[in-house]
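This report refers to the structure that appears directly beneath it.
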Amino acid sequence: MTSRRQGMQVVTLCISTTMVLILLGLVVFSVLIARNLSTYVRENMVMNLVLGDTVTVADGQTLVRELQARPFAKSVKHISQDEALRVMTEEMGANPVEFAGVNPFTAEIEVQLRADYANTDSLRRLSEHLMKDSRVTDVAYQAEQIDDVNRNIQRISLILLGLAVLLLIVSYSLISNSVQLGVYSRRFTIHTMKLVGASWSFIRRPFLWRSICIGLVASLLACVVLGGIVYLLYQYQPGMDELVTPCDLLITAGAVFVFGFVIMMLCTLLSVNKFLKMTAGELYMK
């Protein structure tokens, strides 16, 4: 009967630990997705460089090569006057030259920025620097959109950070209570081993080994569940392959195993030490 009860305690602890690790894994996974989404949005910010009328296609291509060598540029594209006219003709369904008499569009260079430079201060300095080039007559970028994106990213990051801290506290409390119940049922065994001269490290050893096994099994089960969730996201949410990399999956799995191992070991160590410090009278009062 005692072994069956202990077996049920182990199963219950394993299930509760698995559920907690799944939640922790989801938080870590969400943080990584938010980071990748931030990078993706920032690197889709475009700075448009308007070229002067006297700038030839060859001069424009030369400027493209110069910009591609700069650290702020992820990709650079030259749009000639003729190409801009063709694109606008397709979008408008009519050729502007027919009623304007001349090509009203100017050549441009589209600079797709790297994430670290997609902020208002960096763009302002870049704009001032690029305007010193005689081939560039104007620099345009969406400052308000960039500010909105950065503010939203900061808010999301703070919310996820707060959620992670809260979840860590709750998970520790839940697992700690479950571990204490398991150790409590064997408190007299612990006291008996103390009376016969067993060292504290010897008494702790079986509890710690059990907690390690439970932590590893719970972590493995949590990773299986999280893997199923990621698989469903890949199947039903297009574009996830751009936001979730194999490295993110390895980081999430590693975090789950670390959390499972550390929390179980810490809770078990504290619980066993608590009963090791008690006298016989205190044990009977519990």
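Excluded from the calculations below are hydrogen atoms, water molecules and symmetry mates; all remaining heavy atoms, backbone and side chain alike, are included. The structure displayed is predicted, hence computed values, not measured ones.
The shortest side-chain heavy-atom distance between Met264 and Ile214 falls under the 4.5 Å cut-off. The closest side-chain heavy-atom distance from Leu221 to Ile15 is not below 4.5 Å. The shortest side-chain heavy-atom distance between Glu128 and Val139 does not fall under the 4.5 Å cut-off.
Phe207 and Val217 fall into different hydrophobic clusters, where Ile, Leu, Val, Met, Phe, Trp and Tyr residues are linked whenever their side-chain heavy atoms come under 4.5 Å apart, directly or through other members.
For Thr18 against Cys14, the heavy-atom pair with the smallest separation is OG1-O, 2.7 Å. The shortest non-hydrogen separation linking Asp59 to Arg135 is O-NH1, 3.9 Å. Of all non-hydrogen atoms in Leu51 and Gly60, the two that sit nearest each other are CD1-CA, 4.2 Å. Scanning all heavy atoms of the two residues, the minimum distance from Phe72 to Val111 falls at CE1-CG1, 4.0 Å.
Side-chain contact of Thr245 with Asp248: a donor-acceptor pair under 3.5 Å is present, judged by distance alone.
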Side chains of residues 19-28: which donor-acceptor pairs under 3.5 Å do they make with residues two or more places apart or in other chains?
none

Q: With side-chain contact (heavy atoms from CB on, under 4.5 Å) as the test, would you mind laying out the steps for Leu113 and Leu123 before giving the verdict?
A: CA-CA 9 Å; Leu113 301 167; Leu123 289 175; 3.1 Å; yes

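Under a 4.0 Å N-O distance rule, the pair Asp116/Arg114 does not qualify as a salt bridge.
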